[in-house]
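Comments concern the structure below.
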Amino acid sequence: MDKLVLASRNKNKIAEMKALVSDLGIKVYSALDFPELEEVDEDQDTLEGNALKKARYVHQHTGLPSLSDDTGLEVDALGGAPGVYSARYAGEKVTYQDNVLKLLREMNGKEDRAAQFRTVVALVTAENEHTFEGVCKGVIIDHQRGEKGFGYDPVFLPQEFDQTFAELDSKVKNEISHRGRAIQKFISFLKG
Ligand code: IMP
């Protein structure tokens with residue numbers, strides 16, 4: 001494989017994923033390099049389903065191997081919510097802040113703060129489809145800390161760290177994160 005298209009327009013995700021695969025010697029594109037690609041409706045009820053749907057669409061329209069990611073934040077005290085609905089937790093067309101504020105409200109007064117990010121990365125090529133999962137466990141804190149990262153990062157404290165994802169250096173986040181772990185599995189797969 002000498003070329004790969006990341007099936008995403010999310011600049012934060014693209015930056016994280018490009019950094020993770022930078023050593024492979026593969027020319028990495030993203031959906032931003034193919035303006036004719038349409039937005040894929042993430043209407044599946046699993047992360048696997050959405051990840052495969054995005055990667056299949058981009059592969060079909062570019063003819064290149066495509067790699068997508070779908071991520072959910074699974075909170076124990078909320079029965080695993082927001083999960084696959086993490087992007088739309090506070091409603092359609094909401095901001096990261098809207099979602100984070102709703103999460104803080106829902107978690108208000110809850111003693112069990114355990115949560116995990118789960119990412120499923122899907123690879124679709126002309127020959128095959130594969131998925132790779134990465135999990136990062138941690139807790140939801142009761143206020144926002146840090147300016148880095150995106151999404152729910154300011155309220156997620158990864159296990160064994162005393163800084164949130166939004167306070168940690170992006171290199172450290174990439175080493176321990178759900179997305180980092182899923183991409184590491186993809187890289188091991190490529191290396192055979
Ligand atoms: P999706 O994978 O783009 O559907 O992401 C689902 C939701 O989880 C979005 O609201 C993202 O902002 C959030 N999200 C995805 N990855 C991360 C992450 O690494 N940190 C914090 N939030 C994330």
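When reading the values below, keep in mind they use all heavy atoms of this one structure, side chains included, and skip hydrogens, waters and symmetry mates. For reference, positions follow the sequence shown, starting with 1. Each ligand, and each atom within it, is numbered from 1 in the order the structure gives.
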Worksheet item: Do any pairs count as a salt bridge (charged side-chain N to carboxylate O under 4.0 Å, His left out) and have a residue in residues 89-104, sequence neighbours left out, and if so which ones?
Response: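 Output for this query is empty, none listed.
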Worksheet item: Is the backbone of M107 close enough, under 3.5 Å, to the side chain of R113 for a donor and an acceptor to pair up by distance?
Response: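 Pair found, side chain donor or acceptor close to backbone of M107.
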Worksheet item: Taking D153 as the fixed residue, which of R179, K173, R145, K148 is the one that meets the salt bridge (Lys or Arg N to Asp or Glu O under 4.0 Å) rule?
Response: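 Answer to the salt bridge (Lys or Arg N to Asp or Glu O under 4.0 Å) test with D153 among R179, K173, R145, K148: K173.
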Worksheet item: Angle class for the F189/H130 ring planes (parallel below 30°, perpendicular above 60°, tilted otherwise)?
Response: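 Tilted.
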Practice prompt. Please examine the side chains of K27 and D2, heavy atoms only from C-beta on, and report whether any two atoms are closer than 4.5 Å.
Written response: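 With C-beta onward as the side chain, the pair stays apart.
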Worksheet item: Distance only, no hydrogens: is a donor on one side chain within 3.5 Å (strictly under) of an acceptor on the other, for Q144 and Q97?
Response: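 Distance-only check passes for Q144 and Q97.
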Considering only N or O atoms, set out every pair between ligand 1 and the protein closer than 3.5 Å, with distances to one decimal place.
unit_1: ligand 1; atom_1: 2 (O); unit_2: K13; atom_2: NZ; d: 2.7
unit_1: ligand 1; atom_1: 2 (O); unit_2: D70; atom_2: OD1; d: 3.3
unit_1: ligand 1; atom_1: 2 (O); unit_2: T71; atom_2: N; d: 2.8
unit_1: ligand 1; atom_1: 3 (O); unit_2: K13; atom_2: NZ; d: 2.8
unit_1: ligand 1; atom_1: 4 (O); unit_2: E42; atom_2: OE1; d: 3.1
unit_1: ligand 1; atom_1: 4 (O); unit_2: D70; atom_2: OD1; d: 3.1
unit_1: ligand 1; atom_1: 16 (N); unit_2: R179; atom_2: NH2; d: 2.6
unit_1: ligand 1; atom_1: 19 (O); unit_2: K173; atom_2: NZ; d: 2.8
unit_1: ligand 1; atom_1: 19 (O); unit_2: H178; atom_2: NE2; d: 2.9
unit_1: ligand 1; atom_1: 19 (O); unit_2: R179; atom_2: NH1; d: 3.2
unit_1: ligand 1; atom_1: 20 (N); unit_2: D153; atom_2: OD1; d: 2.6
unit_1: ligand 1; atom_1: 22 (N); unit_2: Y152; atom_2: N; d: 3.1

